[in-house]
**Q** 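Handing you this structure, nothing more for now.
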Protein chains: 2
Amino acid sequence: MAVAGKSKKDVLLEFRTTEILDAARHVFAEKGFNDATIDQIAALAGVAKGTVYLYFESKRDLFLAALREGVLALHAEVAAQLLTAPTCEAKLRAFIAARFHYFSRNRDFFRIYYTEFSHLPTGAANARPEFKDLYEEQATLLETVLADGIQLGQLRPCSVARTARLIYDLIRSALAQHILTDDPESPDLPINSVFDFVWNGIGTK
Amino acid sequence: MAVAGKSKKDVLLEFRTTEILDAARHVFAEKGFNDATIDQIAALAGVAKGTVYLYFESKRDLFLAALREGVLALHAEVAAQLLTAPTCEAKLRAFIAARFHYFSRNRDFFRIYYTEFSHLPTGAANARPEFKDLYEEQATLLETVLADGIQLGQLRPCSVARTARLIYDLIRSALAQHILTDDPESPDLPINSVFDFVWNGIGTK
DNA sequence: CAGCCGACTGACCGGGCGGTCAATTGAGAT
DNA sequence: ATCTCAATTGACCGCCCGGTCAGTCGGCTG
């Protein structure tokens, strides 16, 4: 049948694509963008170098594809978790927890996400405007939660944009501590620490 | 006199060194380590490429020297400010303010500091153990402030190491927003925002 | 079985840049 | 004026790696 015929080709294509993307994520995570080579990625994926270029335009394109795929999955998961949280406090906690859980399962991805994200604000020549949008999307999600909370009097008034960015980066920082120190510990402790820090600050009353 | 003779040579040496370090900082800040070239740095410093190698062993060595110089100056300034602060609350505020003021005056340096710092926790092949120490030193400073505050009952108990790291990264994040968006605005507003966030959290009460 | 076609291969190319070093310069010393 | 030598120069070298493409392979079709 037509469907099966098409699907057969697609399955192979998707298999190769996944294979290469996984290899890319691993090598990029290990070496960083500049020190990773296409040869290493191809070898890990079990294909020849030329094959990589049948599936991706360039090294940068491959990197961005690996990043994009991960970011989209992350955002989908976070958004889904937010929907199930009733209160503003629960939403904030869900936002933190969802990110911790996702990245605990995708450590290689966290590495490239973390460093790439750090490059963004420098606005260097290697600026990736297409990713500004992906990140903005999440920041906006958090801003909405904050704005609602302030509206309902559950949060102290503050600059929503500024605060959202602070919380966002705070979570990244805590994630780095948790993920990058091959710490197999459950993520529940850091999740609670971060939430408590954000919600209550460090001062007494 | 001997002093003058020696000093004459030293003055030239120091002049060239400074010249090259400033140029390096600017180019590295603009392009990042990999995309910066020694030729660009030499041109900006007004010397030939070979001259750079009379003063620094390698590209990496030059980069580290530029970074180290800035970090040492920063740390000296922060430590000095901390001494003048009587209470734990004042010390925390001084810690934040000193960093904002230093980096406002050294924007090129902030760029390389920021990105280099982001690479550290990834522990990639390009790990720079010598810098772990420089950073640790500051984290320890902050930990001492926190430990004292808890001791005196001015802070809620918490994991000192973990919290110090969170605050440290929070400041970096806020600095990035302030410095990297050619925002000429006075640093006082973000300083207060960060302090308030750290001290009180976002929740009501 | 023959012939076709698209997926895959990997030797090769070219450019870019870190690093070198023989040649040059010029400021004192004699 | 001439010598000396340290500081400086910039043409040059060689490596590395992203990207290419002529050739191979294997499965499907008639």
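Below, read A as the first sequence line, B as the second, and so on, with proteins coming before strands; counting in each chain starts at 1. Excluded from the calculations below are hydrogen atoms, water molecules and symmetry mates; all remaining heavy atoms, backbone and side chain alike, are included. Bear in mind that the values here come from a model prediction, so they are computed numbers and not experimental data.
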**Q** Can you confirm whether A:Gln151 is buried at CD, in the sense that more than 12 heavy atoms of other residues, nucleotides or ligands lie under 6.0 Å from that atom?
**A** no
**Q** Side chains of B:Asn200 and B:Asp196: do they bring a donor and an acceptor to under 3.5 Å?
**A** yes
**Q** Which whole-number value in Å describes the distance from A:Ile20 CD1 to C:dA7 P?
**A** 13 Å
**Q** Can you tell me how far C1' of C:dG19 sits from CZ of B:Arg60, to the nearest Å?
**A** 16 Å
**Q** Rounded to the nearest angstrom, tell me the gap between atom CD1 in A:Ile38 and atom P in C:dA11.
**A** 17 Å
**Q** What integer distance in Å separates B:Leu54:CG from D:dG10:C1'?
**A** 12 Å
**Q** Hey, does A:Ala36 reach any base, or is it just sugar-phosphate, or nothing, if we go heavy atoms under 4.0 Å?
**A** sugar-phosphate
**Q** Surrounding CD of B:Glu185 (heavy atoms of other residues, nucleotides or ligands, distance under 6.0 Å), is the total greater than 12?
**A** yes
**Q** Take A:Asp39 and B:Val47, find for each the nucleotide of DNA chain D with the closest heavy atom, and name the residue whose nucleotide sits nearer the 5' end.
**A** B:Val47
**Q** Check whether any side-chain N or O of B:Arg16 sits under 4.0 Å from OP1 or OP2 of D:dA7, and answer yes or no.
**A** no
**Q** Using the rule ring pair (Phe, Tyr, Trp, His ring centres under 6.0 Å), only one of A:Phe103, A:Phe117, A:Phe28 pairs with A:Phe109; which is it?
**A** A:Phe103
**Q** Base, sugar-phosphate, or nothing for B:Tyr55, non-hydrogen atoms under 4.0 angstrom?
**A** sugar-phosphate
**Q** For A:Tyr53 and D:dC21, is the shortest distance between a side-chain N/O and OP1 or OP2 below 4.0 Å?
**A** no
**Q** Nearest whole Å is fine: how far is D:dC17 P from A:Ile41 CD1?
**A** 12 Å
**Q** I need the CD-P distance between B:Glu57 and C:dG19, as an integer number of Å.
**A** 10 Å
**Q** So B:Thr37, base contact, sugar-phosphate only, or nothing? Heavy-atom distance under 4.0 Å.
**A** sugar-phosphate
**Q** Which is more 5' along DNA chain C, the nucleotide nearest B:Lys59 or the one nearest B:Gly50? Just name the residue.
**A** B:Lys59
**Q** Using a 4.0 Å heavy-atom cut-off across all strands, classify A:Lys49 as base, sugar-phosphate, or nothing.
**A** base
**Q** Write down the distance between CG (B:Asn34) and C1' (C:dG18), rounded to a whole number of angstrom.
**A** 12 Å
**Q** In terms of side-chain heavy atoms of A:Ala48, which of D:dG10, C:dG19, C:dG10 is nearest?
**A** C:dG10
**Q** Whole angstroms only, please: what is the CZ-P distance between B:Phe15 and D:dT8?
**A** 11 Å
**Q** Can B:Asn106 and B:Arg25 be counted as having a side-chain donor-acceptor contact under 3.5 angstrom?
**A** no
